[in-house]
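Each remark here refers to the structure printed beneath this line.
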2 protein chains.
Amino acid sequence: MDARTRTHYRHRALVMKALAHPTRLFLVDRLAEGEACVCDLTALVGADVSTVSKHLSVLKNAGVVADQKRGNQVFYSLRVPCVLNWCACVEGVLEAAARERLRAVS
Amino acid sequence: MDARTRTHYRHRALVMKALAHPTRLFLVDRLAEGEACVCDLTALVGADVSTVSKHLSVLKNAGVVADQKRGNQVFYSLRVPCVLNWCACVEGVLEAAARERLRAVS
DNA sequence: TGGCTATTTGGCCATTCTGCCAAAGAGCAA
DNA sequence: TTGCTCTTTGGCAGAATGGCCAAATAGCCA
């Protein structure tokens with residue numbers, strides 16, 4: 001694998017990494033329904049505000065969400081809706097894995 | 001977020017995590033072209049055999065690839081082709097992020 | 001059986017990630 | 001300005017990840 005290819009996959013991995021956390025997946029799902037401020041998202045997640053803020057920062061740096069300041073709160077929104085399609089595929093992966101486990105047992 | 005929801009997102013995150021690594025993304029791309037044994041993949045990746053084996057193990061546990069032993073060697077294959085669609089979306093995310101950076105500079 | 005190849009597993013270490021607290025902005029209103 | 005709220009940032013401790021080497025396992029063949 002040459003350096004150029006390696007860089008390419010590293011960039012792609014950065015985006016995947018941003019979504020590779022339960023809380024961040026939840027945030028994406030919530031934002032798919034419409035924009036929300038950090039305070040609302042914090043209440044939904046049930047973690048420290050700073051934790052949620054950092055998760056949102058990760059998603060923003062990956063380019064998955066966008067932020068907009070209004071008054072003294074910040075609203076986040078989903079910038080790339082196609083990530084939602086992944087979720088359907090993930091469900092498929094999970095189901096396939098579950099079937100496989102069942103087959104292994106029987 | 002209740003316990004059931006949390007578990008749901010944790011499972012989904014496991015699948016995403018499995019793909020959140022440059023080497024594993026490369027392996028998935030390669031396996032999309034057809035099955036391959038660990039030895040071939042090791043040569044392509046250019047890392048220690050044990051490292052590649054562990055990466056494949058992660059993908060297998062996530063349900064993304066399947067393994068089949070034939071003779072002396074183990075052949076891996078892509079079990080859930082829909083993960084390939086993600087890549088196109090990731091490219092979109094990367095391009096959107098690049099455009100945003102350009103806009104921020106100008 | 002013994003030797004050879006292919007693969008997996010265990011262990012170790014360096015690096016990265018996570019989540020909390022505390023403190024530092026930033027904006028609004030009195 | 002002062003006080004209040006919302007958000008981000010810095011720092012720290014514990015957990016998880018990644019890569020290599022070494023050792024164990026599995027299958028083939030002589």
Quiz item: Do you know the tightest heavy-atom contact between R30(B) and A36(B)?
Solution: NH2-CB, 3.9 Å
Quiz item: With a 4.5 Å heavy-atom cut-off, do C39(A) and T42(A) have their side chains touching?
Solution: no
Quiz item: Less than 4.0 Å between a side-chain N and a carboxylate O, is that true for E35(A) and R70(A)?
Solution: yes
Exercise. Looking at every strand, decide which applies to F75(B) at a 4.0 Å heavy-atom threshold: base, sugar-phosphate, or nothing.
Key: nothing
Practice problem: For the residue pair Y9(B) and T23(A), establish whether any side-chain heavy-atom pair is separated by less than 4.5 Å. | Solution: no
Quiz item: With sequence neighbours left out, which residue pairs that include part of residues 49-70 of chain A fulfil the ring pair (Phe, Tyr, Trp, His ring centres under 6.0 Å) condition?
Solution: H21(A)-H55(A)
Exercise. Mind calculating the distance between CD (Q68(A)) and P (dT8(D)) to the nearest angstrom?
Key: 13 Å
Quiz prompt | By side chain to side chain donor-acceptor pair (under 3.5 Å) - contacts of S53(A) (at least two apart) | solution = none
Quiz prompt | Contact list for DNA chain D against residues 8-43 of chain B - heavy-atom distance below 4.0 Å | solution = K17(B), H21(B), R24(B)
Quiz item: Do other residues, nucleotides or ligands put more than 12 heavy atoms under 6.0 Å from H8(A) NE2?
Solution: yes
Quiz item: Given the rule that I, L, V, M, F, W and Y join up when any side-chain heavy atoms are under 4.5 Å apart, are V65(B) and L14(B) in one cluster?
Solution: no
Quiz prompt | Start and end of the DNA chain C segment that chain B contacts, any atom under 4.0 Å from a heavy atom | solution = dT5(C) to dG11(C)
Quiz item: Is the shortest heavy-atom distance from the side chain of V15(B) to the side chain of V80(B) under 4.5 Å?
Solution: no
Quiz prompt | V58(B) reachable from L31(B) in the ILVMFWY side-chain graph, under 4.5 Å edges | solution = no
Quiz prompt | D67(B) and F75(B), any side-chain heavy atoms less than 4.5 Å apart | solution = no
Quiz item: Salt bridge or not for D29(A) and R12(B), using N-O below 4.0 Å?
Solution: yes
Exercise. Summarise how protein sits on nucleotides 21-30 of chain D as a single string, 5' to 3': B when a protein heavy atom is under 4.0 Å from the base, S for sugar-phosphate-only contact, - for no contact.
Key: BB---SBS--
Self-check item: Degree of bending, the helix from dT1(C)-dA30(D) to dA30(C)-dT1(D) (end axes from five pairs; round to 10°)
Solution: 20°
Quiz prompt | Value rounded to 0.5 Å, distance of CG in L44(B) from OG1 in T5(A) | solution = 11.0 Å
